[in-house]
Asker: 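Quick one: structure below, then a few questions.
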There are 2 protein chains.
Amino acid sequence: MLSQKCKYALQALMVLAKENSDNLLLVSEIAERENLPKKFLEAILLELNRNGIVRSRRGRGGGYALAKPADLITFGQVVRIMDGALAPLACVSVNYYRRCDECKDEQACEIRRVMRRVRDAIANELDGTSLAKAVAEGKAVAATLAAASSAAE
Amino acid sequence: MLSQKCKYALQALMVLAKENSDNLLLVSEIAERENLPKKFLEAILLELNRNGIVRSRRGRGGGYALAKPADLITFGQVVRIMDGALAPLACVSVNYYRRCDECKDEQACEIRRVMRRVRDAIANELDGTSLAKAVAEGKAVAATLAAASSAAE
DNA sequence: CTATTCCCTACGGAATTTCTAGGAAAAACA
DNA sequence: TGTTTTTCCTAGAAATTCCGTAGGGAATAG
Ligand code: FES
Ligand code: FES
């Protein structure tokens with residue numbers, strides 16, 4: 001399960017992704033729109049900033065925007081920054097690998113083989129989905145929903 | 001990430017799955033073989049027992065065995081018992097659904113749509129893999145490894 | 001030089017996780 | 001019957017992680 005922190009990060013990033021990228025948004029604006037605890041969100045955006053996902057400017061007229069085009073930011077990147085490994089077990093993580101203390105022979109471990117496939121499935125989805133793609137999907141679904149409801153009148 | 005508890009459960013179940021199913025194994029035997037904390041494992045097997053995954057007998061000659069054939073016990077079942085939802089967010093869980101407080105419109109939520117696919121990918125792997133399948137895979141890999149190493153001589 | 005806004009550290013409380021202790025209940029055996 | 005073995009059950013200790021908040025410093029604009 002993703003942490004709240006990670007979910008909030010994704011919510012904030014989706015807001016920024018829908019915005020014009022040279023239009024800065026205030027932390028308080030994002031927090032209000034998405035109904036998130038402001039101080040916590042501040043810390044989250046700071047961390048995203050340090051990791052090159054968003055950029056910021058301080059002072060009057062300051063705020064946050066994406067640091068790069070929305071199609072270059074994937075859900076996988078964000079989750080890794082916020083929560084660490086995508087993998088269900090550290091021993092199958094690519095980016096955050098750690099050996100299993102209990103298992104004597106990693107190569108023979110059947111559980112590991114199963115979890116490796118799970119990891120790949122997760123990584124496949126999350127690394128294959130950018131913010132831009134999620135926005136586009138959302139628009140497409142909204143459009144078909146609107147069409148269906150107007151056809152029903 | 002799976003909890004230790006869940007990992008230990010899977011390790012114990014793999015041991016039982018490799019054993020003849022009417023041969024009872026002691027908790028202490030399993031704990032020693034897999035290098036697991038005994039008392040903790042005891043609690044885990046108890047929970048698996050309550051959920052119909054293993055069966056037990058007390059007293060001398062007692063112990064644990066699988067409650068049903070190894071091809072009817074899936075990794076998905078075990079993980080759900082031990083850790084709850086497979087899904088990365090409660091709002092996309094099938095068996096442990098909970099609404100997201102922050103998101104106003106669930107149907108419009110883009111994050112939800114992405115995470116729904118992730119959930120399906122995870123569930124697909126975990127529900128599609130039984131203990132029996134994992135054992136069989138392990139044997140197959142061991143056999144090809146042995147063949148390769150003997151061919152290299 | 002004042003107001004705004006992000007930056008940074010530290011910390012508090014709650015929840016969760018990872019076990020362990022200690023004994024009751026069942027079953028086998030002598 | 002009584003002794004031993006083994007699971008069953010409750011309670012809780014210790015450590016860690018999670019979810020935020022407080023309070024002030026640093027940059028920026030006007
Ligand atoms: S090596 Fe990680 S589960 Fe066995
Ligand atoms: S509804 Fe669950 S993330 Fe939006």
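Quantities reported herein were computed from a predicted structural model and do not represent experimental measurements. Throughout, a chain's letter reflects where its sequence line sits, starting with A, and its residues are numbered from 1.
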Asker: Does A:L2 belong to the same Ile/Leu/Val/Met/Phe/Trp/Tyr cluster as A:F40, with side-chain heavy atoms less than 4.5 Å apart forming each link?
Answerer: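 Yes, because A:L2 and A:F40 connect within a single hydrophobic cluster, where side-chain heavy atoms sit under 4.5 Å apart.
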
Asker: Starting at CE of B:M1 and ending at C1' of C:dT18, how long is that distance when rounded to a whole Å?
Answerer: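 Roughly 15 Å, once rounded to whole Å.
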
Asker: Tell me the interatomic distance from B:R60, atom CZ, to D:dT3, atom C1', rounded to whole angstroms.
Answerer: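 Going from CZ in B:R60 over to C1' in D:dT3 covers 8 Å.
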
Asker: Do any N or O atoms from the side chain of B:Y96 and from the backbone of B:R80 form a donor-acceptor pair under 3.5 angstrom?
Answerer: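 Judged by distance alone, yes, a pair lies under 3.5 Å.
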
Asker: Looking at side-chain heavy atoms only, is the closest gap between A:C103 and B:Q11 below 4.5 Å?
Answerer: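 Side-chain contact under 4.5 Å: yes.
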
Asker: Any salt bridge (Lys or Arg N to Asp or Glu O under 4.0 Å) pairs touching residues 102-116 of chain B, not counting sequence neighbours?
Answerer: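 Qualifying pairs, neighbours excluded: A:K7-B:E102, A:K18-B:E110, B:E106-B:R112, B:R116-B:D120.
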
Asker: To the nearest Å, how far apart are A:I44 CD1 and C:dC8 P?
Answerer: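 After rounding, the reported distance stands at 16 Å.
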
Asker: Can you name the residues that form a salt bridge (Lys or Arg N to Asp or Glu O under 4.0 Å) with B:R55, not counting sequence neighbours?
Answerer: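 With sequence neighbours excluded, B:R55 shows a salt bridge (Lys or Arg N to Asp or Glu O under 4.0 Å) to no residue whatsoever.
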
Asker: Indicate for each nucleotide in nucleotides 7-20 of chain D, in 5' to 3' sequence, whether protein heavy atoms under 4.0 Å reach the base (B), only the sugar-phosphate (S), or nothing (-).
Answerer: BBB---------SB

Asker: How long is the line joining CG of A:D101 and C1' of C:dC19, in whole Å?
Answerer: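 About 15 Å, once rounded to whole Å.
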
Asker: Would you kindly give the CG-to-P distance between B:L24 and C:dA27, to the nearest whole Å?
Answerer: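 Answer to the nearest Å: 13 Å.
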
Asker: Assess the residue pair B:I111 and B:L89 against the criterion (side chain to side chain contact (heavy atoms under 4.5 Å, CB included)); give the C-alpha distance rounded to whole Å, side-chain angles, the decisive distance to 0.1 Å, and a yes or no.
Answerer: CA-CA 10 Å; B:I111 296 169; B:L89 289 176; 4.0 Å; yes

